[in-house]
Amino acid sequence: MARCERDQAVSMIALQDGNNFYCSVEASFDPRLRGKPVCVASSGDGCVIARDALSKKLGVPMGAPIHQIPPEVRRQITFRSANFALYGDISTRIASILRALFPAIEQYSIDENFIDLTGIPSKDHERLAAEARARILKWTGIPSCVGIGPTKTLAKLSNKRAKSSISGVVTTMPDDPALLTYPVEDVWGVGRKLTARLGADGILTARDLAAADVDTLRSRYGVVLARTQRELQGIPCAELEEHEPQRKEIMVSRTLGKDITSETELMQAIATFAQRACEKLRSRQLQAAGVWVFIQTNPFKQNLPQYNPSKSFRLLMPSADTREILMVAQGLAKAMFRPSYGYKKAGVSLLDLSHTDVQQGDLFAGIDQRSKAIMEVMDRTNQKFGRGSMGFASTAWRPRGKTLEKPAWSVKRDMLSPAYTTDWKQLIRVR
DNA sequence: TCTGGGGTCCTAGGACCC
DNA sequence: TCTGGGGTCCTAGGACCC
């Protein structure tokens, strides 16, 4: 009886996290990769954004530019370009496995899910966590770990501990002696800058942070770290968010395949990003009231003149019409463009987002039904025949046969795995 | 030669108002 | 010539996350 009361009083949270997620997904679809070091590369095949256990062992640092990895190490590694369509699909499958086992989950990121354990007797927590791990491994091929604790921060910390455990499931309570040796830099919410400052104040472990003077911590470091401290003490400051909150911003930006000097090419890139951002916008039934554009020179060529302007524009009425937003974005870019610079990166961001169903409509013009109809035709066409089937000429992408002819500035993705699960034409071949 | 993308939240400072 | 205080809103920049 007393046990039940205690269970009700303390709510517990679990965090499931796929091990080396992107690499595990690649390996689960391509058996040739198993037992070999695998890394996944960022857009443009520039940096390492995921490493499997073997590449970590070879000493490949997270975020390392691929060209800086010593050739003798690089030769041993199989690289893949990031294939987010594939990873997102596997992520959805894992979430549905968890939903079948637990009353409420929060899809926190592409490879992490928080699980609400409230109402489940604490003696069953680790058993159920182990069951979840086993199902995910069996049904998707992805290994994962589960961390359990009374707050999200402690669940995160447990998950990190679980990565080096035998069972893959770890629970941490605020008084756990493990906090005495757990480095503060591995606490959720403590990044590089904070680690350095905390270290100078003698705060080196999770335990040091939990035990620090509250007022000093708040005044020296702000409310965010003060919340982290309370979470380490077992006092929840962050709830489980079952439903994704509404987006505040939608951004599309890229490092370009080459340094652009011509205005025409820069305008093509801006048009491409604006078009893609509008697609994302409409897929969420959103509209934007602001547009922000930035262009940047190559920061790695410090011998060349640098120029990194940005500019924003507020629309009279919120819009989800690619034609309108594309014109605004190009107008902003045109106003910032200066010849004789080499532009290496650019982006378009849509701001002040709202739902299309709260559209007030212009008092005089009314809601533009024609615009809505045109955009729907475009989106449906692209959905049916693949992204890029119908687009704007100003983006300079041209259909050629069954594929799209890429402009010279487009991004490199030379090591891409097939879209096994999201494109009929790319289904896995058994023989 | 080659160096990621997409988000959120907080804070400080300026503009503006009463 | 001197000269306030408080509130809000907006923006830019910094820090963090995956």
Side-chain angles (χ1 to χ4, degrees), chain A residues 15 17-22 39-51 61-71 74 79-84 87-88 91 106-114 152-153 156 159-160 184-198 218-228 237-238 241 244-259 273 276-277 280-281 284 289-290 292 294 296-302 308-314 342 344-353 411-415:
Chain A
L15 177 72
D17 181 324
N19 300 349
N20 313 323
F21 186 65
Y22 299 165
C39 286
V40 172
S42 63
S43 150
D45 297 337
C47 298
V48 173
I49 58 168
R51 308 157 297 160
M62 184 62 170
I66 290 172
H67 69 94
Q68 281 178 10
I69 300 172
R74 213 183 316 161
F79 289 95
R80 286 279 187 270
S81 303
N83 186 345
F84 289 105
Y87 312 150
S91 174
E106 169 188 340
Q107 286 185 264
Y108 173 67
S109 73
I110 199 163
D111 66 334
E112 291 170 282
N113 296 286
F114 282 111
K152 282 183 164 179
T153 302
K156 277 283 247 186
N159 193 286
K160 177 96 180 168
V184 76
E185 65 192 274
D186 290 342
V187 172
W188 190 35
V190 179
R192 269 218 322 277
K193 292 278 164 77
L194 278 176
T195 299
R197 288 177 57 200
L198 287 167
R218 176 179 286 261
S219 64
R220 282 179 67 86
Y221 294 93
V223 295
V224 180
L225 196 64
R227 280 202 283 264
T228 297
C237 298
E241 291 170 34
E244 194 194 353
Q246 201 204 288
R247 284 291 182 81
K248 303 191 167 167
E249 181 179 353
I250 286 176
M251 166 132 88
V252 175
S253 74
R254 290 285 180 281
T255 295
L256 305 165
K258 61 164 196 159
D259 293 11
F273 303 156
R276 181 72 195 119
K280 289 187 182 182
L281 188 70
R284 293 170 177 269
W292 182 73
F294 72 86
Q296 289 179 358
T297 47
N298 190 340
F300 299 103
K301 293 183 178 167
Q302 283 295 332
N308 306 309
S310 72
K311 231 178 167 58
S312 63
F313 185 83
R314 201 172 289 268
K344 183 60 175 168
K345 187 173 178 178
V348 173
S349 186
L350 305 178
L351 317 168
D352 292 337
L353 307 185
V411 186
K412 221 171 41 160
R413 275 175 104 193
D414 290 341
M415 307 174 289

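Residue numbers begin at 1 in each chain, while the letters A, B, ... track the order of the sequences.
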Expressed as a whole number of angstroms, how long is the span from [X]:[atom1] to [N]:[atom2]?
{"X": "Tyr22(A)", "N": "dG6(B)", "atom1": "OH", "atom2": "C1'", "result": "10 Å"}
{"X": "Ile49(A)", "N": "dC17(C)", "atom1": "CD1", "atom2": "P", "result": "17 Å"}
{"X": "Asn19(A)", "N": "dC18(C)", "atom1": "CG", "atom2": "P", "result": "15 Å"}
{"X": "Ile66(A)", "N": "dT1(B)", "atom1": "CD1", "atom2": "C1'", "result": "14 Å"}
{"X": "Phe294(A)", "N": "dG7(B)", "atom1": "CZ", "atom2": "P", "result": "12 Å"}
{"X": "Leu350(A)", "N": "dG6(B)", "atom1": "CG", "atom2": "C1'", "result": "13 Å"}
{"X": "Lys345(A)", "N": "dG5(B)", "atom1": "NZ", "atom2": "P", "result": "5 Å"}
{"X": "Asp111(A)", "N": "dC17(C)", "atom1": "CG", "atom2": "P", "result": "14 Å"}

When we call it a touch if two heavy atoms are under 4.0 Å apart, what does [X] touch: a base, just sugar-phosphate, or nothing?
{"X": "Arg314(A)", "value": "sugar-phosphate"}
{"X": "Tyr108(A)", "value": "sugar-phosphate"}
{"X": "Arg227(A)", "value": "sugar-phosphate"}
{"X": "Ile110(A)", "value": "nothing"}

Is there a donor-acceptor contact under 3.5 Å from the side chain of Arg413(A) to the main chain of Ala82(A)?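 Such a contact is found between Arg413(A) side chain and Ala82(A) backbone.
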
Keeping the roles fixed (side chain from Ser42(A), backbone from Cys47(A)), state whether a donor-acceptor pair exists under 3.5 Å.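 Yes; judged by distance alone, with no hydrogens or angles, the pair exists.
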
If only side-chain N and O atoms of [X] are considered, is one of them under 4.0 Å from the OP1 or OP2 phosphate oxygen of [N]?
{"X": "Lys193(A)", "N": "dA15(C)", "answer": "yes"}
{"X": "Ser42(A)", "N": "dG5(B)", "answer": "no"}
{"X": "Lys156(A)", "N": "dC17(C)", "answer": "no"}
{"X": "Arg192(A)", "N": "dA15(C)", "answer": "no"}

Is it the case that more than 12 heavy atoms not belonging to Lys344(A) sit under 6.0 Å from its NZ atom?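 Counting neighbours around NZ of Lys344(A), more than 12 heavy atoms of other residues, nucleotides or ligands fall under 6.0 Å, so yes.
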
Can you tell me, in whole Å, how much space there is between the P of dC18(C) and that of dT3(B)?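 Here dC18(C) and dT3(B) have their P atoms 25 Å from each other.
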
Could you walk me through whether Arg254(A) and Arg276(A) pass the side chain to side chain contact (heavy atoms under 4.5 Å, CB included) check? CA-CA 12 Å; Arg254(A) 290 285 180 281; Arg276(A) 181 72 195 119; 5.7 Å; no

With nearest nucleotides of DNA chain B determined for Tyr221(A) and Thr255(A) from heavy-atom distances, which residue corresponds to the more 5′ nucleotide?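 It is Thr255(A), whose closest nucleotide lies nearer the 5' terminus.
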
Find which nucleotide of DNA chain B each of Arg247(A) and Lys301(A) is nearest to by heavy atoms, and output the residue with the more 5' nucleotide.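 Here Lys301(A) is the residue nearer the 5' end.
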
Would you say the side chain of Phe21(A) lies within less than 4.5 Å of the side chain of Glu112(A), judging by non-hydrogen atoms?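 No, side chains not in contact.
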
